[in-house]
Trainee: 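My questions will all concern the structure given below.
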Amino acid sequence: VDDAQAILRVTLVAPYLRGLQFIAAVQGRGGWPAVNNAHRRPPATSEQVLHPDKYFAREPAEAVRVPENDALVAAGFDRIEEDTLGELELGVYLGQDRPSGTDEQAAAGWAGDRLVVYRRNGKAAAIWWTTWDSELDAQEAFLAARSVSPKDPNARVERKGRAVWIVRGLPHRLHRAARSDFNSFARRLKNQPPPPEVRPSLVY
């Protein structure tokens with residue numbers, strides 16, 4: 001396991017290590033009845049496992065949807081896959097240049113994300129929108145994402161408010177069209193309320 005790539009190592013170990021830490025926090029808060037309750041109402045995000053206080057507060061992920069882009073469709077890009085990766089896997093992406101293979105500090109403050117993969121002529125491209133609890137969190141994630149972005153005109157990392165945009169494999173001439181969608185999303189995002197504050201007094 002120690003020799004495995006970080007995306008395999010971290011995701012394989014997390015259910016045992018992070019899961020144990022999460023259950024310990026739940027048990028310490030409400031005993032074994034609280035653990036039983038957690039099985040009935042499990043964490044909704046990896047963020048809630050990594051930060052049990054956010055599970056206790058039932059802090060939800062922000063809904064992120066990347067719309068279809070007419071310019072990409074016209075250029076022959078087929079949308080083949082999309083998913084939300086969450087704080088755990090985002091930390092792996094941001095930590096590619098670290099010996100540990102993860103950057104937990106930069107990934108903390110995650111609020112939501114959506115990764116969309118496209119294909120054209122057998123080659124893949126990706127657009128990834130992420131949101132953060134605050135602009136400070138977004139700036140930290142932006143700097144980490146930029147540090148691991150390849151020196152390639154088809155790659156891009158930008159921040160607007162609480163949102164960070166990551167692009168890989170998309171021809172530079174299409175960045176402007178893709179950026180327009182992202183900027184519209186980010187402008188709407190800043191008017192939304194932030195995730196609920198942690199409420200330490202909440203009991204099961």
Trainee: Look at atom CD of Glu68 and say whether more than 12 heavy atoms of other residues, nucleotides or ligands are closer to it than 6.0 Å.
Mentor: yes

Trainee: For the hydrophobic clusters of this structure (ILVMFWY residues joined by side-chain heavy atoms under 4.5 Å, transitively), does one cluster hold both Phe185 and Leu170?
Mentor: yes

Trainee: So does Ala145 get a backbone contact from the side chain of Ser149, meaning a donor-acceptor N/O pair under 3.5 Å?
Mentor: no

Trainee: Drop me the distance from Leu72's CG to Asp181's CG, to the nearest 0.5 angstrom.
Mentor: 8.5 Å

Trainee: Using side-chain heavy atoms (C-beta onward) and a distance below 4.5 Å, is Arg162 in contact with Asp133?
Mentor: no

Trainee: Do any side-chain atoms of residues 14-25 form donor-acceptor pairs under 3.5 angstrom with protein atoms, and if so which ones, sequence neighbours left out?
Mentor:
unit_1	atom_1	unit_2	atom_2	d
Arg18	NH2	Glu104	OE1	2.9
Arg18	NH2	Glu104	OE2	2.4

Trainee: Treating Ile, Leu, Val, Met, Phe, Trp and Tyr as nodes and any side-chain heavy-atom pair under 4.5 angstrom as an edge, say whether Leu8 and Val13 lie in one connected cluster.
Mentor: no

Trainee: Begin from the C-alpha positions of Arg119 and Glu81 and carry the test salt bridge (charged side-chain N to carboxylate O under 4.0 Å, His left out) through to its verdict.
Mentor: CA-CA 9 Å; Arg119 182 170 57 199; Glu81 190 67 66; over 6 Å; no

Trainee: Would you confirm whether Gln48, through its side chain, and Ala44, through its main-chain N or O, come within 3.5 Å as a donor-acceptor pair?
Mentor: yes

Trainee: Short question: side chain of Arg176, backbone of Ala178 - any donor-acceptor pair under 3.5 Å?
Mentor: no

Trainee: Quick check on Gln105: does its CD atom have over 12 non-hydrogen neighbours (other residues, nucleotides or ligands) under 6.0 Å away?
Mentor: no

Trainee: Locate the shortest heavy-atom distance separating Ala106 from Ala141; write the atom from each residue and the value.
Mentor: O-CB, 3.9 Å

Trainee: When you compare the side chain of Phe182 with that of Val66, does any pair of heavy atoms fall below 4.5 Å?
Mentor: no

Trainee: If we ignore angles and hydrogens, is there a donor and acceptor under 3.5 Å between the side chains of Trp132 and Thr130?
Mentor: yes

Trainee: Can you list every pair that meets salt bridge (Lys or Arg N to Asp or Glu O under 4.0 Å) and has a residue in residues 92-103, with sequence neighbours left out?
Mentor: Arg98-Asp103

Trainee: How long is the straight-line distance from CZ of Arg156 back to CG of Leu174, given to the nearest 0.5 Å?
Mentor: 14.0 Å

Trainee: If you define the side chain from C-beta out and look only at heavy atoms, does anything of Thr131 sit under 4.5 Å from Val64?
Mentor: yes

Trainee: Is the closest side-chain heavy-atom distance between Val157 and Phe142 below 4.5 Å?
Mentor: yes

Trainee: Salt bridge or not between Lys160 and Glu158? Use side-chain N to carboxylate O under 4.0 Å.
Mentor: no

Trainee: Determine whether the side chains of Asp137 and Ser134 contain a donor N or O and an acceptor N or O closer than 3.5 Å.
Mentor: yes

Trainee: Using the rule that Ile, Leu, Val, Met, Phe, Trp and Tyr join whenever any side-chain heavy atoms are under 4.5 Å apart, tell me whether Ile80 and Val73 fall into a single cluster.
Mentor: no

Trainee: Please say yes or no: joined through hydrophobic side-chain contacts below 4.5 Å, possibly via intermediate residues, are Tyr55 and Leu50 part of one cluster?
Mentor: no

Trainee: Taking the side chain as every heavy atom from C-beta outward, state whether Arg58 and Arg41 have any pair of such atoms under 4.5 Å apart.
Mentor: yes

Trainee: Please check this pair: side chain of Asn69 against backbone of Ala71, looking for a donor-acceptor N/O pair closer than 3.5 Å.
Mentor: yes

Trainee: Restricting to non-hydrogen atoms, name the atom on Pro67 and the atom on Trp129 that form the minimum distance, rounded to 0.1 Å.
Mentor: CD-CH2, 3.4 Å

Trainee: In plain terms, say whether Lys54 and Glu47 are close enough for a salt bridge, that is, a side-chain N and a carboxylate O under 4.0 Å apart.
Mentor: yes

Trainee: Minimum heavy-atom separation for Pro171 and Asn154, please, with both atom names.
Mentor: CA-OD1, 3.3 Å

Trainee: Counting only N and O atoms by type, is there a donor-acceptor contact under 3.5 Å from the side chain of Ser180 to the main-chain atoms of Ala177?
Mentor: no

Trainee: Could you state the interatomic distance from CD1 (Ile127) to NE2 (His175), rounded to the nearest 0.5 Å?
Mentor: 8.0 Å

Trainee: Can you check whether Ala75's main-chain N or O pairs, donor with acceptor, with Arg120's side chain at less than 3.5 Å?
Mentor: yes

Trainee: Determine the minimum heavy-atom distance between Val164 and Ala138, stating which atoms define it.
Mentor: CG2-O, 3.5 Å

Trainee: Does some side-chain heavy atom of Trp165 sit less than 4.5 Å from a side-chain heavy atom of Trp128?
Mentor: no

Trainee: Under 3.5 Å, side-chain donor or acceptor atoms of residues 83-94 against the rest of the protein: list the pairs with distances, not counting sequence neighbours.
Mentor:
unit_1	atom_1	unit_2	atom_2	d
Thr84	OG1	Asp113	O	3.0
Thr84	OG1	Arg114	NH1	3.0
Glu87	OE1	His51	NE2	3.3
Glu87	OE2	His51	NE2	2.8
Tyr93	OH	Arg168	NH1	3.1

